[in-house]
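Just so you know, these numbers use all the heavy atoms, side chains as well, and skip hydrogens, waters and symmetry mates. Along the sequence shown, the residues carry numbers beginning at 1.
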Amino acid sequence: MPKVTFGYWDLRALAESIRTILEYCGTDYEDKRYQLRGEPPNVDRSDWFDVKFKLGLDFPNIPYLIDGDVKMTQQWAILKYVARKYGNLVPKTEEETRRCDMAQEVSKDIWSGFHRVIFDFANYEASKKTFLEETLPKILEAMEAFLQNSDWMAGATLTYVDFEVCERLDVLTEFKSSCLDKYPNVKKYKERFFALDKITAYRSSDRFKEYPIVPHFAKWGYKKEN
């Protein structure tokens, strides 16, 4: 069977949850990482742009995944495809599907809020404070209740959505180590996910790169801070 090719920038960003689910499923894949060079407004993206329209993608973008005749883009589409084909990591009931759908949107809210902060060059400290003290707590309070009687976002079933939500939570705790301390259900959920044997093995290997999370020109997340 031909090896799967997964392509994205040399960052965690929108890619790490997909790399993690590929690893969890034991998929034989090539992790194709493209480089960003230079500083805004003249960031050199040619490493990707040189091949962007040569791969036969319907909607050329990254992340992308090529699996034989299957060629696709869009983060969530790829996550769901891998979950269906390689791991049966999908919701089993309508209730589980509904919970996954909601958790997917919540993870997008977390990422978009975080993303705005780290690229707010003019008001970074103020944006960071608002996000950590106002925006994020509201999301985590709701997630705390959502996980009250559930091991996973779907309920009792590990699914693709946990790979993305836990990636977001992991980045948040890198950003502010104590941000989950008031939310024991959320904290245990994250710990439960990263304690899974296959994920522990991946993150202990040289295939996992903790940093960079985001590009070098962001206010935070390119290199680990002491």
Side-chain angles (χ1 to χ4, degrees), residues 4-22 29-66 71-79 81 104-139 163-177 179 206-226:
V4 172
T5 300
F6 174 67
Y8 191 68
W9 303 117
D10 187 15
L11 308 169
R12 285 173 67 173
L14 299 180
E16 194 55 38
S17 59
I18 299 172
R19 295 184 185 115
T20 303
I21 200 171
L22 286 165
Y29 76 104
E30 176 189 4
D31 186 13
K32 179 66 177 175
R33 294 174 179 251
Y34 297 93
Q35 301 302 315
L36 288 164
R37 301 179 178 88
E39 300 295 333
N42 300 309
V43 177
D44 180 2
R45 297 176 172 85
S46 61
D47 195 31
W48 159 239
F49 284 175
D50 285 350
V51 299
K52 180 176 181 178
F53 298 102
K54 300 177 181 178
L55 299 174
L57 301 169
D58 292 320
F59 298 97
N61 205 345
I62 46 178
Y64 71 78
L65 181 135
I66 299 174
K71 298 182 178 184
M72 59 191 305
T73 54
Q74 303 300 326
Q75 180 196 23
W76 283 100
I78 295 169
L79 268 174
Y81 170 80
Q104 173 177 327
E105 299 306 312
V106 170
S107 74
K108 292 180 183 178
D109 290 342
I110 293 173
W111 177 249
S112 63
F114 171 74
H115 197 266
R116 283 193 296 271
V117 171
I118 61 172
F119 287 100
D120 188 348
F121 300 113
N123 302 290
Y124 172 67
E125 291 300 334
S127 292
K128 178 180 177 180
K129 185 175 188 296
T130 299
F131 177 72
L132 290 174
E133 296 181 6
E134 298 178 27
T135 307
L136 184 60
K138 292 176 183 177
I139 296 173
F163 288 77
E164 174 63 11
V165 174
C166 287
E167 169 63 14
R168 294 292 148 246
L169 294 176
D170 193 51
V171 170
L172 288 175
T173 53
E174 284 291 309
F175 190 53
K176 178 69 173 180
S177 61
C179 71
D206 58 7
R207 298 185 303 281
F208 173 69
K209 296 175 68 173
E210 186 178 21
Y211 284 83
I213 296 170
V214 290
H216 59 278
F217 46 86
K219 294 291 290 184
W220 176 93
Y222 186 67
K223 294 181 179 180
K224 192 174 184 67
E225 298 178 358
N226 296 327

Subject >> Evaluation steps, ring pair (Phe, Tyr, Trp, His ring centres under 6.0 Å), between W220 and F119 >> reply: CA-CA 8 Å; W220 176 93; F119 287 100; over 10 Å; no
**OP:** Walk me through it: do R207 and D31 pass the test salt bridge (charged side-chain N to carboxylate O under 4.0 Å, His left out)?
**Re:** CA-CA 9 Å; R207 298 185 303 281; D31 186 13; over 6 Å; no
**OP:** Show the numbers, then the answer: is there a salt bridge (charged side-chain N to carboxylate O under 4.0 Å, His left out) between E164 and R168?
**Re:** CA-CA 6 Å; E164 174 63 11; R168 294 292 148 246; 2.7 Å; yes
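At least one donor-acceptor pair under 3.5 Å links the side chain of K54 to the backbone N or O of D50. Not one N or O on the side chain of K52 forms a donor-acceptor pair closer than 3.5 Å with the backbone of N61. Checking side-chain atoms of D120 against main-chain N and O of N123 turns up a donor-acceptor pair under 3.5 Å. Side-chain atoms of D47 come within 3.5 Å of backbone N or O of Q35 as a donor-acceptor pair. Checked by atom type and distance alone, the side chain of R12 pairs as donor or acceptor with a backbone atom of E210 at under 3.5 Å. Between the T73 side chain and the F59 main chain, a donor and an acceptor come within less than 3.5 Å of each other. Under the 3.5 Å distance criterion, the side-chain polar atoms of S107 are matched with a main-chain donor or acceptor of Q104.
The CD atom of E16 lies 11.0 Å from the CD atom of Q75; values are rounded to the nearest 0.5 Å. The OG1 atom of T135 sits 7.0 Å away from atom NZ of K138, with the distance rounded to the nearest 0.5 Å. Between atom CG of residue L11 and atom CZ of residue R33 there is a gap of 8.5 Å, rounded to the nearest 0.5 Å. Going from atom CZ of F175 over to atom CG of L136 covers 9.5 Å, rounded to the nearest 0.5 Å. For the atom pair CD (E167) and OG (S17), the distance works out to 6.5 Å, reported to the nearest 0.5 Å. Of the inter-residue distances, the one linking I118 atom CD1 with S127 atom OG reads 11.5 Å to the nearest 0.5 angstrom.
Nearest heavy atoms, D109 versus S112: O-OG, 3.1 Å. Shortest non-hydrogen contact noted between P63 and I18 is CG-CD1, 4.2 Å. The two residues F131 and G113 have their closest heavy-atom pair at CE1-C, 3.7 Å. A pairwise comparison of heavy atoms in V51 and L55 identifies O-CG, 3.5 Å as the closest pair. Across every non-hydrogen atom of W48 and Y64, the tightest pair is CZ3-CE2, 3.5 Å.
At least one test fails for K128 against the ring of Y124: distance under 6.0 Å to the centre or angle within 45° of the axis.
At a threshold of 4.5 Å between non-hydrogen side-chain atoms, the residues V165 and V106 do not count as touching. For the pair T5/Y29, no side-chain contact is recorded, criterion being any heavy-atom separation below 4.5 Å from C-beta on. Proximity of Y222 to Y211: side-chain heavy atoms (C-beta onward) are nowhere separated by under 4.5 Å. Counting heavy atoms from C-beta outward, Y8 and L14 have side chains that approach closer than 4.5 Å. Counting heavy atoms from C-beta outward, L79 and I21 have side chains that approach closer than 4.5 Å. Side-chain contact check for K223 versus H216: every heavy-atom pair is 4.5 Å or farther apart. Looking at heavy atoms from C-beta onward, I66 lies out of side-chain contact with F6 at the 4.5 angstrom threshold. Side-chain contact between T20 and F208: absent, with no pair of heavy atoms (C-beta onward) separated by less than 4.5 Å.
For the pair E174 and K224, the salt-bridge criterion is met [side-chain N within less than 4.0 Å of a carboxylate O]. The residues D44 and R37 are annotated as not salt-bridged, no charged nitrogen and carboxylate oxygen being separated by less than 4.0 angstrom.
Residue K108 places its NZ atom among more than 12 non-hydrogen atoms of other residues, nucleotides or ligands, all under 6.0 Å distant.
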